[in-house]
There are 2 protein chains.
Amino acid sequence: MSPKVTEEHKENRRLEIMRAAAEVFKRKGYDAVTMQDIIDETGMSRGGVYAYFGSKEELFWALLDQIDDSHAAGYAKLLDRYRNAWETIEHFLRYQEKEIGNTHRSLSPAIFEFFSSGWRDADRQPFLVGRYKRAVGDFARFLRAGVKRGDFRPLQEPEAIAQFVISFLDGLSVDVLLLGSEVCDYRAQLDSLRLYLHQVLQIAETSREDGGSQSTTGETP
Amino acid sequence: MSPKVTEEHKENRRLEIMRAAAEVFKRKGYDAVTMQDIIDETGMSRGGVYAYFGSKEELFWALLDQIDDSHAAGYAKLLDRYRNAWETIEHFLRYQEKEIGNTHRSLSPAIFEFFSSGWRDADRQPFLVGRYKRAVGDFARFLRAGVKRGDFRPLQEPEAIAQFVISFLDGLSVDVLLLGSEVCDYRAQLDSLRLYLHQVLQIAETSREDGGSQSTTGETP
DNA sequence: TTGAAAAACGACATCAGTGTCGTTTGTAAT
DNA sequence: ATTACAAACGACACTGATGTCGTTTTTCAA
């Protein structure tokens with residue numbers, strides 16, 4: 001008797017299925033993907049895959065959890081423990097630029113599809129709400145820290161600014177996804193966001209050694 | 001020989017099917033809706049409905065065109081021919097507030113679903129791009145008019161501001177749709193947008209007889 | 001080497017939705 | 001009233017995806 005394969009081997013198989021699934025989801029989004037697509041990508045058999053994941057949705061949740069774990073940590077770390085307040089914002093914006101620029105090569109389109117066609121589904125909503133509150137919370141905490149240090153003198157409540165920024169970034173992501181990056185010119189828009197933050201936080205014009213590279217979009221005519 | 005029913009009757013039937021379809025799309029979104037649902041809602045027969053619309057997608061496009069015609073006109077008119085520049089912005093914001101507040105009772109969720117699950121579809125993209133460019137264009141034109149009159153002294157190019165505003169509004173709509181209006185507090189966020197515009201356009205503090213009701217969100221602490 | 005049990009396989013039954021098409025019904029001109 | 005034709009009907013065949021389950025293969029302990 002006794003088990004016939006090691007626990008590790010099972011875990012590897014599980015991961016291999018998830019890897020294959022991610023590949024397919026990146027290529028085809030969410031709705032258009034069938035279990036058969038994923039099965040084909042793995043090279044395994046129908047029964048084999050079903051032994052690990054009972055449905056496309058179950059598989060997708062596994063991917064979401066995986067992503068979320070790795071992501072949330074990095075995101076929070078980005079905003080914690082900074083040296084120079086404004087520099088952190090620049091850093092944050094550069095990070096967002098990279099993320100958004102990479103949208104269509106990532107799982108984002110599939111994730112977006114998953115939640116937008118499932119927004120009535122009571123099971124899916126909490127995930128998004130959690131993500132949103134976490135993002136807003138992290139950013140607001142960062143702002144409050146900056147206020148305490150005297151780096152920022154915000155014209156609004158940090159919470160309000162944070163919500164505003166997250167909403168804007170959500171919108172920008174959606175627009176890039178649905179319209180393409182050329183149409184909505186996300187780099188210029190991130191410059192606008194930089195300018196907005198610069199103003200609403202009342203940053204002194206000469207922030208450390210950072211020059212005047214804020215406005216690629218043009219000054220007042 | 002000669003036709004057996006009047007042209008008008010056929011048009012009415014067409015409209016009735018569209019009305020029924022809109023009802024179903026409002027209730028169930030896009031993907032979850034089947035032709036059968038629509039057929040049931042009309043009270044007609046399968047063949048009857050198919051005689052007018054060959055597929056769910058064809059039907060949805062008909063609805064989109066219908067909406068778009070009525071919408072685009074009103075939107076442009078809102079921003080044209082204003083008396084007081086800032087007042088027009090207030091008006092615009094109030095309009096957006098109403099729109100966003102009504103999101104889940106409108107076709108928006110279905111439209112959103114339609115485009116987000118079909119963003120790879122080359123046929124669907126042009127529609128959204130047109131909508132976006134029109135919105136940005138209208139808003140930018142309004143801003144330029146205000147500049148010419150001396151009402152606005154923008155810190156950025158009007159185009160950039162317009163894009164920023166539209167992206168933000170897109171984000172806000174998405175967030176309201178996916179997270180619910182309580183979570184993302186869209187009224188407060190529209191106040192933030194008002195404050196942003198007030199600053200970026202360098203509106204004098206005392207604009208005509210309008211008092212200081214801009215910031216429900218709180219002043220600098 | 002053998003054999004027992006788990007893992008992997010893939011054919012199959014099922015299901016939901018689609019679009020068609022032969023039939024029935026209704027209308028208006030004669 | 002009759003009739004001829006379009007409109008409306010709804011049963012049906014088809015499709016594509018799903019999840020199951022009896023069979024085969026693999027693995028490891030004895």
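Sequence lines set the chain letters: A, B, ... in the order given, protein chains first and strands last, and positions in each chain run from 1.
- Rounded to whole Å, atom C1' of dG26(C) lies 10 Å from atom NE2 of His9(B).
- Residue-level contact check: Tyr52(B) touches the backbone only, with heavy atoms under 4.0 Å from sugar-phosphate atoms and none from bases.
- Residues Tyr196(A) and Phe164(A) place their aromatic rings such that the two centres sit under 6.0 Å apart.
- Ring pair Phe25(A)/Tyr30(A) is parallel by interplanar angle, where below 30° counts as parallel and above 60° as perpendicular.
- Distance NZ (Lys10(B)) to P (dA8(D)): 8 Å, rounded to an integer number of Å.
- Atom CD of Glu57(A) and atom C1' of dG19(D) are 16 Å apart (whole Å).
- Using a 30° and 60° split on the angle between ring planes, Phe112(A) and Phe112(B) fall in the perpendicular class, above 60°.
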N/O donor-acceptor pairs under 3.5 Å from side chains in residues 58-67 of chain A, not counting sequence neighbours:
{"from": "Glu58(A)", "atom 1": "OE1", "to": "Gly54(A)", "atom 2": "N", "distance (Å)": "3.1"}
{"from": "Trp61(A)", "atom 1": "NE1", "to": "Glu57(A)", "atom 2": "OE2", "distance (Å)": "3.2"}

In a table with atom names and distances, give each donor-acceptor pair under 3.5 Å that connects a side chain of residues 129-143 of chain B to protein atoms at least two apart or in another chain.
{"from": "Arg131(B)", "atom 1": "NH1", "to": "Asp68(B)", "atom 2": "OD1", "distance (Å)": "2.5"}
{"from": "Tyr132(B)", "atom 1": "OH", "to": "Gln189(A)", "atom 2": "NE2", "distance (Å)": "3.3"}
{"from": "Tyr132(B)", "atom 1": "OH", "to": "Gln163(B)", "atom 2": "NE2", "distance (Å)": "3.4"}
{"from": "Arg134(B)", "atom 1": "NH2", "to": "Asp68(B)", "atom 2": "OD2", "distance (Å)": "3.2"}
{"from": "Asp138(B)", "atom 1": "OD1", "to": "Arg141(B)", "atom 2": "NH1", "distance (Å)": "3.4"}
{"from": "Asp138(B)", "atom 1": "OD1", "to": "Arg141(B)", "atom 2": "NH2", "distance (Å)": "3.3"}

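- Arg13(A) has its CZ atom 12 Å from the P atom of dT26(D), to the nearest Å.
- Atom CG in Asp40(A) sits about 12 Å away from atom P in dG10(C), given to the nearest Å.
- Atom-to-atom, CD of Glu16(A) to P of dA8(C) comes out at 12 Å; the value is rounded to the nearest Å.
- At most 12 non-hydrogen atoms from other residues, nucleotides or ligands lie less than 6.0 angstrom from CD of Glu8(B).
- In this structure, the CD atom of Glu11(A) is 16 Å from the C1' atom of dA7(C), given to the nearest Å.
- Residues satisfying the ring pair (Phe, Tyr, Trp, His ring centres under 6.0 Å) criterion with Phe115(B), sequence neighbours excluded, are Phe127(B).
- Listed by chain and number, the residues in a side-chain contact (heavy atoms from CB on, under 4.5 Å) with Gln36(B) are Thr34(B), Ile39(B), Asp40(B), Arg46(B) (sequence neighbours excluded).
- Contact check on Glu41(B) versus Arg27(B) returns a salt bridge, with a Lys/Arg side-chain nitrogen under 4.0 Å from an Asp/Glu carboxylate oxygen.
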Letter per nucleotide, 5' to 3', of nucleotides 12-25 of chain C [B base touched, S only sugar-phosphate touched, - untouched; heavy atoms, 4.0 Å]
-----SBBB-----
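- Between its two ends, the helix from dT1(C)-dA30(D) to dT30(C)-dA1(D) turns its axis by 0°, counting five pairs per end and rounding to 10 degrees.
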